[in-house]
> 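Let me give you the structure first, and then I'll get to my questions.
In what follows, every heavy atom counts, from backbone to side chain, and hydrogens, waters and symmetry copies are set aside. Proteins get letters first, then strands, A, B, ... in listed order; numbering begins at 1 in each. Remember, predicted model here, so these are calculated numbers, not experimental data.
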Number of protein chains: 2
Amino acid sequence: MDLKHLNYFITVYEQKSFSSAAKYCFIAQPSISAAVAQLEQELQQVLFTRHARGVTPTEQGEKLYPLAKQLIGQADAIKQTFLSQGIQQSFRLGVTKGLGVKRMSALLNDFTSAETTMELTLVPQHENSDARIIIKEELKDEEKYHLIWQEDYLLVLPINHPLSLKDEIQLTDLDGLAFIQRSPCNAWQMLNDTLTLSGIQLDIRAKIQTIDYALGLVRAGLGCALVPAHPEIIENTDLTFKAIDKLQLTREIVLAYQHTTPLLRTLKQQVKLISEF
Amino acid sequence: MDLKHLNYFITVYEQKSFSSAAKYCFIAQPSISAAVAQLEQELQQVLFTRHARGVTPTEQGEKLYPLAKQLIGQADAIKQTFLSQGIQQSFRLGVTKGLGVKRMSALLNDFTSAETTMELTLVPQHENSDARIIIKEELKDEEKYHLIWQEDYLLVLPINHPLSLKDEIQLTDLDGLAFIQRSPCNAWQMLNDTLTLSGIQLDIRAKIQTIDYALGLVRAGLGCALVPAHPEIIENTDLTFKAIDKLQLTREIVLAYQHTTPLLRTLKQQVKLISEF
DNA sequence: ATCAGATATAGCTTTTAACTATAGCTATTT
DNA sequence: AAATAGCTATAGTTAAAAGCTATATCTGAT
């Protein structure tokens with residue numbers, strides 16, 4: 001009996017699908033098929049009934065699942081018994097501010113549970129680190145990267161603002177608009193250039209740094225602002241978010257690194273899962 | 001962590017030697033080296049200290065052994081949970097009488113514990129069977145075979161018999177000797193031919209079948225006999241065993257079979273272990 | 001009836017785990 | 001002290017296993 005196959009079996013059971021399990025295991029779908037078939041052969045039992053919408057475990061599959069889970073757990077425990085004695089591998093991850101706590105902690109949680117013997121340290125993005133989660137524009141020349149999230153910059157307005165009634169916001173609507181400038185902000189430069197070219201001028205009411213501060217000021221009716229629209233921000237139902245027509249302001253959040261290490265490999269896999277679903 | 005590697009580790013631990021473990025696992029010695037090295041790499045621990053007379057487990061090796069043993073046991077248990085539900089595979093083994101109970105049951109014990117889901121039936125050698133353990137002369141034409149044990153026929157005498165004082169027994173010493181004939185016996189025919197050619201005649205006092213009966217009669221002083229000298233027989237210290245000079249009477253006990261099946265493969269491996277040590 | 005989404009199959013490539021041969025080490029024997 | 005025997009490690013090769021891509025096939029839903 002092969003632990004690798006049992007692991008595949010477990011994922012299939014939890015996903016109720018071969019193809020989905022394949023993605024989670026970072027292998028091709030036929031490989032999952034083969035592994036399960038081999039287990040079924042070895043145990044002389046059919047473990048899943050296959051149908052057009054995935055698979056459902058048979059009675060035997062149901063019986064195997066807790067046993068397999070336990071066995072894998074025990075194997076992991078053995079491994080950790082020895083690894084935790086040794087040098088805790090440390091990993092320093094640089095993180096840009098303002099990426100949203102929830103999704104970031106979800107990612108880091110996956111990472112730390114996949115690498116239980118690792119000691120993860122979060123550092124500001126410019127400090128020395130093994131990898132960085134940053135906006136694409138912040139990439140250094142020597143760094144390679146993988147896309148994690150992509151999100152548009154949206155105009156955020158108080159819900160009672162006149163513009164919130166419009167379906168589409170045009171560039172010209174921005175002329176003379178009360179605006180809260182948040183810097184540093186990658187989109188700001190681009191927006192400002194575009195506006196200058198069109199002869200449109202904003203009415204800057206405040207210059208601040210954090211997104212949360214900006215949202216607070218908008219909520220207070222001080223003006224509008226431009227913010228990256230990630231899930232955690234859009235949740236604010238007491239604010240209105242609008243795209244600006246003909247102006248695509250996007251930020252790409254990437255995993256940046258220079259050297260590949262085993263730990264980084266794991267992190268890259270977690271990132272891959274995020275960007276694929 | 002690979003269960004196969006853990007199994008190798010267990011065997012090395014029990015054998016206290018890589019090369020011996022290799023034989024027990026039916027693989028080459030470098031493969032054991034590689035497997036252990038890989039485990040050591042994965043656990044970041046040295047498991048054995050290597051020296052010129054084999055290996056001794058390190059503290060970490062000692063710690064791993066019971067854990068590994070338990071894990072393997074659990075994996076086996078899972079397999080058997082499912083296999084025992086299915087069809088018990090049956091295996092009929094034909095066995096010639098008089099091969100010695102102890103070594104035979106040791107062999108069968110190894111066999112049944114290697115194939116826990118098998119239902120083993122012992123049958124007389126001429127009945128229909130999947131394989132037979134017989135004297136080489138009993139082989140059928142279609143059968144292939146592997147040697148299991150080889151043993152000489154020795155003359156067995158009461159301890160107080162005059163011949164028991166001699167270092168070497170010559171053919172001529174047998175002339176007129178009180179003798180217990182055991183038949184059927186493969187060596188008897190050959191001995192008889194040789195004696196006839198030399199003009200030597202035995203004094204047949206009894207014709208019986210089993211070895212134990214013959215030993216009893218010899219013990220009782222009725223005469224001498226010719227018996228295959230396997231360990232269990234030589235154990236009788238109240239009897240004297242002597243080779244007959246210039247007369248090599250040998251019997252080869254072989255595993256005979258016609259068709260190879262998975263179960264037979266296991267049995268052949270067990271047999272191989274016996275004949276190699 | 002078609003389509004979308006899922007698993008199975010075929011053929012090929014890469015990786016892994018074996019093997020053989022041999023080097024290198026060390027305790028024992030000559 | 002040198003030779004030997006018995007181990008494990010290393011190098012290089014071969015064969016089996018596990019992976020991939022492309023595609024066929026099936027089935028429930030549109």
> Measure from the side-chain N and O atoms of A:Q60 to the backbone N and O of A:Q45, and report whether any donor-acceptor pair falls under 3.5 Å.
no
> Does a side-chain N or O from A:S33 land closer than 4.0 Å to OP1 or OP2 of C:dA8, or not?
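Answer yes for this pair, as a side-chain N or O of A:S33 is under 4.0 Å from OP1 or OP2.
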> Can B:E138 and B:R132 be counted as an ion pair, charged N to O under 4.0 angstrom?
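No, B:E138 and B:R132 are not salt-bridged.
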> Send over the distance from A:F18 CZ to D:dC26 C1', rounded to a whole Å.
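It works out to 14 Å between those atoms.
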> Determine whether a donor-acceptor pair (N or O, by modelled atom type, separation under 3.5 Å) exists between the side chain of B:D152 and the backbone of B:L154.
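Not confirmed, B:D152 side chain does not pair with B:L154 backbone.
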> Between the protein and nucleotides 11-18 of chain D, are there any N/O to N/O pairs under 3.5 Å, and if so, what are the atom names and distances?
from, atom 1, to, atom 2, distance (Å)
D:dA18, OP2, A:Q38, OE1, 3.4

> Using side-chain contact (heavy atoms from CB on, under 4.5 Å) as the criterion, list what pairs up with A:T49, not counting sequence neighbours.
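In terms of side-chain contact (heavy atoms from CB on, under 4.5 Å), with neighbours along the sequence ignored, A:T49 is linked to A:H51, A:T56, A:T58.
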> Hey, what are the protein-to-nucleotides 24-28 of chain C N/O distances that come in under 3.5 Å?
none

> Looking at C:dA6, I'd like to know if its phosphate oxygens (OP1 or OP2) sit under 4.0 Å from a side-chain N or O belonging to A:S17.
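Looking at the OP1 and OP2 atoms of C:dA6, neither is under 4.0 Å from any side-chain N or O of A:S17.
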> Check whether A:Q15 reaches the backbone of A:V12 with its side chain - one donor and one acceptor, N or O, closer than 3.5 Å.
no
> What I want to check is whether an N or O donor and acceptor connect the side chain of B:Q29 with the base of D:dA9 at under 3.5 Å.
yes
> In whole angstroms, how far is the P atom of C:dA6 from the CD atom of A:Q15?
11 Å
> Are side-chain N/O atoms of B:Q270 and B:T266 paired as donor and acceptor at under 3.5 Å?
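Not at all, the side chains of B:Q270 and B:T266 share no donor-acceptor pair under 3.5 Å.
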> Rounded to whole Å, how long is the line connecting atom CG of B:L39 with atom C1' of C:dA17?
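After rounding, the gap between these two atoms is 14 Å.
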> Could you measure the distance from the CG atom of B:L107 to the CG atom of B:L93? Nearest 0.5 Å is fine.
8.0 Å
> Answer yes or no: is there a donor N or O on one side and an acceptor on the other, between the side chain of A:E232 and the main chain of A:V101, under 3.5 Å?
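Yes, A:E232 side chain to A:V101 backbone: donor-acceptor pair under 3.5 Å.
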> Rounded to whole Å, please give me the gap between CD in B:E42 and P in C:dA17.
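So the CD-P distance, B:E42 to C:dA17, works out to 11 Å.
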> Rounded to whole Å, please give me the gap between CD1 in B:I27 and C1' in D:dT8.
14 Å
> Could you check whether atom OH of B:Y145 has more than 12 heavy atoms from other residues, nucleotides or ligands sitting under 6.0 Å from it?
no
